[in-house]
A.B. asks: 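Let me begin by handing over the structure; questions about it come next.
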Number of protein chains: 2
Amino acid sequence: MLGNLSDLDLRLIRVFLAVVDAGGVTPAQVTLNVGQSTISTQLSSLETRLGYRLCDRGRSGFALTAKGERFAELARSLIEAVSDFSAQARNMDKQLVGTLNIGLIGHTPISQNARISQAIARFKKRNEAVRFLISVRPPGDLEEHLLSGDIEIAVGYFWHRVPTLSYTSLFIERQVAYCGKGHPLYEHAGNLSAEEVAHHDWAWRSYPLPEAQQNVPDINITAEADNMEAVAVLILSGYHLGYLPEHFAAPYVQQGLLRALNPGRFHYDVPFHMVTRHKRHHTDIMTAFLEDLQVVHLGETG
Amino acid sequence: MLGNLSDLDLRLIRVFLAVVDAGGVTPAQVTLNVGQSTISTQLSSLETRLGYRLCDRGRSGFALTAKGERFAELARSLIEAVSDFSAQARNMDKQLVGTLNIGLIGHTPISQNARISQAIARFKKRNEAVRFLISVRPPGDLEEHLLSGDIEIAVGYFWHRVPTLSYTSLFIERQVAYCGKGHPLYEHAGNLSAEEVAHHDWAWRSYPLPEAQQNVPDINITAEADNMEAVAVLILSGYHLGYLPEHFAAPYVQQGLLRALNPGRFHYDVPFHMVTRHKRHHTDIMTAFLEDLQVVHLGETG
DNA sequence: TCAATACATCGATAAATATCAATGTAAATG
DNA sequence: CATTTACATTGATATTTATCGATGTATTGA
């Protein structure tokens with residue numbers, strides 16, 4: 001065989017293996033459904049291409065040469081590789097192939113991140129050839145990348161609505177008001193009234209919080225921050241009061257660095273959404289994964 | 001693609017990869033040395049067989065689909081497997097393939113066994129696909145198996161000549177006369193005369209030993225044994241004298257259990273042969289290995 | 001020696017494949 | 001809108017492949 005294996009060679013190899021399995025040219029006629037003379041010609045053709053004899057055959061019986069045996073081994077491996085390839089290539093017709101770009105905001109509750117992981121695991125069980133690309137960005141960034149198509153699905157809190165994006169509610173995150181250890185209210189924290197907290201300094205978010213506006217009484221805002229960590233720093237200083245997610249504040253509370261002012265009184269809930277571009281931009285991969293994401297969330301509430 | 005990868009598909013896959021590597025149909029004309037229309041038809045044919053689109057192409061440029069990328073990966077692996085197979089199949093033309101059956105007798109000197117190992121190592125450097133099957137048997141058995149073809153090469157001492165076998169001298173083994181620790185001659189051993197040893201009891205081999213007959217004076221044989229260990233047992237009893245190979249007796253001498261009577265006086269040499277059937281029965285493998293065996297022995301004496 | 005067995009060889013024929021040149025189609029550009 | 005670019009489609013033609021049936025060859029067994 002000069003150069004690469006051609007299609008003809010593959011055919012001849014299959015004929016050879018059929019002869020080996022049948023134990024001779026004559027019995028192989030049935031398997032191959034062609035005449036003895038055709039098989040004989042094809043075998044000879046293969047031997048000519050290879051440059052050596054594969055089997056002794058004739059009145060005295062059929063027997064592989066040493067080289068024929070070794071060649072048969074190699075040939076079976078090749079046929080198997082080819083068969084695997086065919087199966088994979090054929091399967092790809094029904095299979096989802098490509099990448100899925102997901103964007104998350106930071107400090108999502110561990111339990112919710114676990115939901116995303118569950119959805120990914122469930123998706124992987126479909127045996128699809130999809131690679132996940134996950135990035136963490138602020139909400140504004142996420143929206144930008146959604147619009148450009150760099151990110152296909154985002155999960156987080158979004159304070160406004162971009163008209164060309166689709167928002168689906170996934171879960172609720174509770175924000176509670178806290179004071180730091182050095183704050184004058186620290187010793188009495190737990191059951192404070194609106195009057196007791198009203199004139200103290202509060203740290204607030206620099207972006208609108210519609211859910212908070214509706215549920216929080218008038219307070220004296222003297223500091224602004226554009227993310228959760230910044231708010232936490234201000235509160236931990238012992239100078240400002242402010243709202244933080246319960247799951248984020250929990251370790252600090254445990255260490256006695258923060259205390260809730262009055263959880264029953266000073267709290268608001270924010271919804272986390274799954275955001276995508278509108279349906280006409282959905283790939284098959286997206287559709288399938290969104291299904292799995294929904295199932296995971298329904299399963300928890302069901 | 002229905003069933004196995006059929007004829008034409010390998011060719012079509014190669015066309016697809018050439019188009020991918022060239023970055024489009026038009027540039028691939030050069031690589032493939034056919035016209036654009038031919039390539040277009042072949043690509044479409046492959047896509048039809050697969051049932052999905054492999055690439056987007058036209059005025060707006062060339063780009064692989066997600067499935068096209070995955071398929072290209074798989075296809076490259078297949079082409080490589082095919083290439084490996086071709087190389088192996090082609091190499092087998094020049095290669096020795098099969099098994100080599102070698103028979104040895106037991107207790108060959110370590111240094112001589114090392115020679116066989118050297119010859120095998122040297123042979124393996126030919127990068128041939130030959131499996132070695134080595135068995136250990138008495139000389140008569142070895143000859144039998146040689147005649148039947150079960151063994152192709154035997155190495156050992158053979159006291160007679162079978163007409164249809166070919167004997168080639170490999171090395172000489174020296175036999176020396178010893179007495180055991182409890183024997184009356186033990187205290188004076190080392191320089192005994194023929195008269196001093198003549199009337200004592202000797203153990204001898206139950207098969208002819210032409211080399212010994214010529215070199216050993218008349219002695220009083222009162223025991224026979226058909227192998228070396230049996231002779232050794234008789235000598236170690238302290239009752240008989242007898243001849244043993246030097247290399248075999250050496251550890252016993254070291255432990256003071258045996259002493260040579262007079263090495264300069266009471267010894268004979270036996271040749272070890274390599275035995276095969278006559279040349280017309282020699283396979284290529286045998287011929288090549290015998291070459292290597294000769295080289296190893298010449299190297300030592302040269 | 002003859003007949004049976006298991007291929008090997010050969011010529012004829014039909015079918016499949018590969019390619020080209022001409023023309024059509026869709027998208028991008030000025 | 002007209003032109004250019006990058007393919008897609010089509011029909012004609014030459015080449016290659018696959019197969020059969022007839023016949024030849026070598027080996028084995030009675």
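Lettering follows sequence order; numbering is per chain, from 1.
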A.B. asks: In whole Å, what is the span from the CD atom of B:Gln29 to the P atom of D:dA8?
C.D. replies: 12 Å

A.B. asks: Quickly work out the B:Arg11 CZ to D:dT17 C1' distance and round it to whole Å.
C.D. replies: 14 Å

A.B. asks: Please give, in whole Å, the distance from C:dA16 P to B:Arg49 CZ?
C.D. replies: 12 Å

A.B. asks: Please give, in whole Å, the distance from D:dA8 C1' to B:Glu47 CD?
C.D. replies: 11 Å

A.B. asks: Please state how far atom CZ in A:Arg53 lies from atom P in C:dA8, giving the value in whole angstrom units.
C.D. replies: 6 Å

A.B. asks: How does protein reach along nucleotides 20-30 of chain D, written 5' to 3' as B (base within reach of a heavy atom under 4.0 Å), S (only sugar-phosphate), or - (no contact)?
C.D. replies: BBB---BBB--

A.B. asks: Test of understanding: with ring pair (Phe, Tyr, Trp, His ring centres under 6.0 Å), list the residues that count as partners of A:Phe16, not counting sequence neighbours.
C.D. replies: A:Phe71

A.B. asks: When you measure from the side chain of A:Glu47 to the backbone of A:Arg53, do you find a donor-acceptor pair of N or O atoms at a distance under 3.5 Å?
C.D. replies: no

A.B. asks: To the nearest Å, how far apart are A:Arg14 CZ and D:dT17 C1'?
C.D. replies: 17 Å

A.B. asks: Would you call the rings of B:Phe123 and B:Phe289 parallel, tilted or perpendicular if under 30° counts as parallel and over 60° as perpendicular?
C.D. replies: perpendicular

A.B. asks: Send over the distance from B:Asp56 CG to D:dA8 P, rounded to a whole Å.
C.D. replies: 10 Å

A.B. asks: Do NZ/NE/NH1/NH2 and the carboxylate oxygens of A:Arg76 and A:Asp21 come within less than 4.0 Å?
C.D. replies: yes

A.B. asks: When you check the side-chain N and O atoms of B:Glu152 and B:His282, is any donor under 3.5 Å from an acceptor?
C.D. replies: no

A.B. asks: Please report the distance, rounded to the nearest Å, between CZ in B:Arg57 and P in D:dC7.
C.D. replies: 8 Å

A.B. asks: Is A:Thr26 touching bases, backbone alone, or none of the nucleic acid, heavy atoms closer than 4.0 Å?
C.D. replies: sugar-phosphate

A.B. asks: Could you tell me whether the side chain of B:Ser166 and the main chain of B:Thr276 form a donor-acceptor pair under 3.5 Å?
C.D. replies: no

